[in-house]
Amino acid sequence: MKNYILFGPPGSGKGTQSDLMIEKFKLIHLATGNMLRAEIQQKSTLGMEAQAIINRGELVPDMIVNAMIEEKIKSNQQAAGFLFDGYPRTIIQAESLDNLLMKFHSTIQLVFSLVVPEEELVKRLLNRGLTSGRTDDNENIIKARINEYKEKTAAVGQYYQRKNKLIELDGTQTIEEVFSNILKNT
Ligand code: AP5
Ligand code: MG
């Protein structure tokens, strides 16, 4: 099983590169943001709780996302591998993922960190907001999401750096160039 993480701030291109990677490597895409938006659409209790948090640009509690990931991994044990997108976002989530994968005698192969300056992130997300229908793609919430990234998520990059699993990539290149740099490292 080969597992990868696409890591980076909001708007850095995690979802965009995920689509290319899952196609190429037949990985199962585990994107906690997408899972939470599906819950919101179904108007589940979890979805309603998550919606308020997402609309403040804050992180949903670790226990909720850890449980969602655990359920997906347990139910897809025959997978060629998993591609994590937008998870883990805290050290607690990273440790939970490590423990979970260990139970299945697996591990994280590499973490691709997409590096993009803040003003470009804001520009991309405002632009995406014109068509995405995402309630969190507006200026104030984008700022809050980026702050949350700096305060809680950036440390996850250092966590994998210490394990020698972090590959930093210039996320300002074209989509094709970024993907080709990912491929060079797989
Ligand atoms: P989530 O859905 O994960 O959103 P995000 O991290 O804010 O990231 P985005 O989806 O906005 O950006 P992306 O990096 O995927 O970029 P994309 O490829 O779309 O999370 C949403 C919320 O859910 C969180 O705020 C939180 O509340 C909650 N949540 C989710 N996971 C959680 C977790 N694990 N723990 C706790 N809470 C959690 O690209 C962006 C735009 O740029 C697109 O328009 C794209 O076309 C464009 N673009 C992409 N690449 C390029 C390029 N190379 N050049 C030019 N444009 C590009
Ligand atoms: Mg995304």
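We count ligands from 1, going down the list as the structure has it; atoms in each ligand are counted the same way. Worth knowing before you read on, the calculation uses all heavy atoms, side chains too, and leaves out hydrogens, waters and symmetry mates.
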I'd like to know if [X] contacts ligand 1, where contact means a heavy-atom distance under 4.0 Å to any ligand atom.
X	value
Met35	no
Arg37	yes
Gly57	no
Val65	yes
Ser132	no

Do ligand 1 and [X] have nitrogen or oxygen atoms that lie under 3.5 Å from each other?
X	answer
Gly15	yes
Gly86	yes
Val60	yes
Arg128	yes
Asp136	no
Asp137	no
Val178	no
Glu58	yes
Gly13	yes
Tyr87	no

Going by the atom numbers of ligand 1, which of them fall below 4.0 Å from some non-hydrogen atom of Gln93? 33 (C), 34 (N), 35 (N), 36 (C)
Hydrophobic cluster membership, with links at side-chain heavy-atom distances under 4.5 Å among I/L/V/M/F/W/Y: are Ile40 and Met35 in one? yes
Should the pair Lys163 and Tyr159 be classed as cation-pi, given the thresholds of under 6.0 Å to the six-membered ring centre and 45° from the axis? yes
Atom of Tyr149, atom of Gly8 and distance for their closest heavy-atom approach: CE1-C, 3.6 Å
Is the backbone N or O of Pro10 less than 3.5 Å from a side-chain atom of Arg145, with the two atoms forming a donor-acceptor pair by type? no
Without swapping roles, check the side chain of Ser96 against the backbone of Ile92 for a donor-acceptor pair under 3.5 Å. no
How far is atom 29 (N) of ligand 1 from the closest protein heavy atom, and which atom is that? Leu36 CD1, 3.6 Å
